[in-house]
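See structure below.
Just follow the structure's listing: the first ligand is 1, and inside any ligand the first atom is 1.
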Amino acid sequence: MSAAHEWIAVFDFGSQYTQLIARRVRELHVYCEILRHDTLIESLRARPPIGVILSGGPASVLAPDAPHGDPALWRADLPVLGICYGMQLMARDLGGRVERGDRREYGLARIAVVDPDTLFEGMDRELDVWMSHGDRVTELPPGFRALARSENCPVAAMADAQGRRFGLQFHPEVVHTPRGLDLLRRFVRDVCGARGDWRMADFIEDSVRSLRERIGDDHVLCALSGGVDSSVTAALLHRAIGRRLHCVYVDTGLMRDGETEQIEAEFGRHLGVDLRIERAGARFFSALKGVEDPERKRKIIGATFIEVFRDVARSLGPVRFLAQGTLYPDVVESVSPFGGPTATIKSHHNVGGLPAELGFELVEPLRALFKDEVRELGRLLGLPDALVDRWPFPGPGLAVRIIGEVTPERADLLRRADAIVEREIRRWPGAREVWQAFAVLLPVRSVGVMGDERTYENVAAVRAVQSLDGMTADWVRLPAEVLDRIARRIVNEVRGINRVVYDITSKPPGTIEWE
Ligand code: XMP
């Protein structure tokens with residue numbers, strides 16, 4: 001990042017929301033970086049932040065091996081905001097008392113503001129907040145006062161006498177704390193004195209600089225998938241290293257309608273990227289022959305992808321780096337905050353796998369960003385809306401939307417139905433609310449009548465969901481007319497499908513994809 005930018009340091013104690021804190025600070029137009037919780041304050045001397053936020057975390061400050069930060073933080077003249085675990089750490093380090101509560105407080109809670117000064121000024125005296133903690137502060141450090149309390153928590157917010165250090169027991173960074181962003185704004189703008197002049201364009205400049213530094217004269221390989229994430233990754237890298245970026249696009253035969261052509265036009269012809277398109281449909285279909293189990297499908301596709309990719313990569317000569325469009329939500333769903341594995345719900349094929357197998361060093365320039373930030377970045381890099389606004393698409397492609405065996409004929413049926421779903425939903429003025437929508441081909445046949453003829457054909461399900469990041473989702477209340485048009489068009493235009501149903505399951509308990 002450029003030295004000219006003021007920035008906030010977030011010390012990460014392992015909360016699943018740490019990146020969300022950084023994201024909120026960026027929303028306030030202040031640059032933000034996440035650092036390990038034990039980063040030495042001395043190491044920040046060359047480029048001091050204007051303030052520090054201590055994240056929450058899964059540990060208890062009462063545990064003997066509890067993670068703690070550099071005590072020099074408390075001698076530095078820096079504004080500090082401690083959130084949840086961060087507040088408890090602040091309380092303990094500065095001479096207060098933290099105790100285990102009688103019960104955990106988890107979820108929505110109401111706080112009563114007892115001292116509206118600074119952070120809560122002008123807000124209601126009672127506020128809804130999102131809590132998630134077992135321990136609580138029972139005695140304030142000397143010089144501190146309580147700003148708010150909740151039923152379970154005598155100190156739900158605290159401040160020191162100088163107005164430089166604050167603690168919030170709840171999470172201001174999550175949407176379930178409606179005034180959370182305002183609280184963060186007060187800290188970042190009023191307490192830390194941020195100007196708030198950072199913009200996404202600065203992210204490009206900073207990333208380009210650090211990518212050039214890291215890559216040097218080496219070459220980078222990027223697997224373009226057709227989706228937004230890998231496209232933006234490639235565009236960013238192309239801006240940084242030009243023709244030393246080599247993109248490989250594997251057409252698995254399981255792509256969406258028009259996807260391959262779009263990639264060829266945009267990256268090959270328009271941007272002038274070194275792009276290889278490998279048409280490998282036959283190889284994928286033969287590997288998938290007779291396979292019905294979803295996890296086996298994913299594994300086979302992942303493995304075949306690596307084989308094809310390895311062949312193309314070899315033909316390029318030695319390449320040191322592999323770029324991946326990993327976003328923050330991919331990281332949390334696949335790995336726990338401290339690096340251990342969490343329960344595998346689905347084996348996402350774009351995270352892990354490739355680099356270990358092929359001996360590359362990984363470059364993941366979007367790792368800290370959320371989808372909407374990536375879209376903004378893509379637009380700034382000059383990618384067309386049609387590409388940037390593409391709905392997310394799973395690595396294994398249409399295969400996880402063809403329930404049962406995957407064949408070229410079934411992929412083709414689904415692709416045609418899917419194109420209709422997308423076109424009709426995009427025509428609807430409410431389409432902006434849709435995170436993702438698609439068709440699924442079911443392994444059942446149903447009886448119908450067309451003209452005077454009996455039909456006995458396939459059933460397609462339509463799925464449309466709203467979501468912020470794909471981690472939770474709700475089905476979209478599509479207007480009946482839109483559903484009607486989709487069903488009519490599919491049944492009339494796609495020979496082989498004679499019935500259409502609509503999926504009304506949210507996530508959880510469902511997942512977005514059917515497999
Ligand atoms: P699920 O089905 O897990 O999907 O609720 C959440 C989001 O992730 C997408 N998805 C994938 N993306 N590789 C990807 O890059 C995958 O293997 C994969 N599986 C699911 C899905 O489309 C949704 O947006």
Ion pair check, Arg379 and Asp389, cut-off under 4.0 Å: yes
Decide whether an N or O pair under 3.5 Å exists between Arg298 and ligand 1. yes
Using a 4.0 Å cut-off to any heavy atom of Trp435, which atoms of ligand 1 qualify? 24 (O)
List every atom of ligand 1 that sits less than 4.0 Å from any heavy atom of Thr511, numbering the atoms from 1 in the order shown and giving each element. 1 (P), 2 (O), 5 (O)
Find all atoms of ligand 1 within a distance of less than 4.0 Å from any non-hydrogen atom belonging to Pro392, and give their numbers and elements. 24 (O)
A student checking ligand 1 against Gln436 at a 4.0 Å heavy-atom cut-off should list atoms 21 (C), 22 (O), 23 (C), 24 (O)
If you measure from the Lys or Arg side-chain nitrogens to the Asp or Glu carboxylate oxygens, is any gap between Arg209 and Glu205 under 4.0 Å? yes
Ligand 1 to Pro396, heavy atom cutoff 4.0 Å, flagged ligand atoms 16 (C), 17 (O)
Before accepting this row, confirm whether a basic side-chain N of the pair Asp202/Arg26 lies closer than 4.0 Å to the acidic partner's carboxylate O. no
For the residue pair Arg477 and Trp475, would you count it as a cation-pi contact if the rule is NZ or CZ under 6.0 angstrom from the ring centre and within 45 degrees of the ring axis? yes
Salt-bridge criterion met for Glu27 and Arg24 (N-O under 4.0 Å): yes
Under 4.0 Å from a heavy atom of Lys507: give me the atoms of ligand 1 that qualify, with their elements. 1 (P), 3 (O), 5 (O), 6 (C)
I'd like to know if Glu264 pairs up with Arg269 as an ion pair, taking the criterion as any Lys NZ or Arg NE/NH1/NH2 lying under 4.0 Å from an Asp or Glu carboxylate oxygen. no
A student checking ligand 1 against Gly470 at a 4.0 Å heavy-atom cut-off should list atoms 6 (C)
Tell me, with the steps shown, if Leu271 and Glu266 meet side-chain contact (heavy atoms from CB on, under 4.5 Å). CA-CA 6 Å; Leu271 282 180; Glu266 188 51 37; 4.3 Å; yes
May I ask whether Trp391 places a heavy atom under 4.0 Å from ligand 1? no
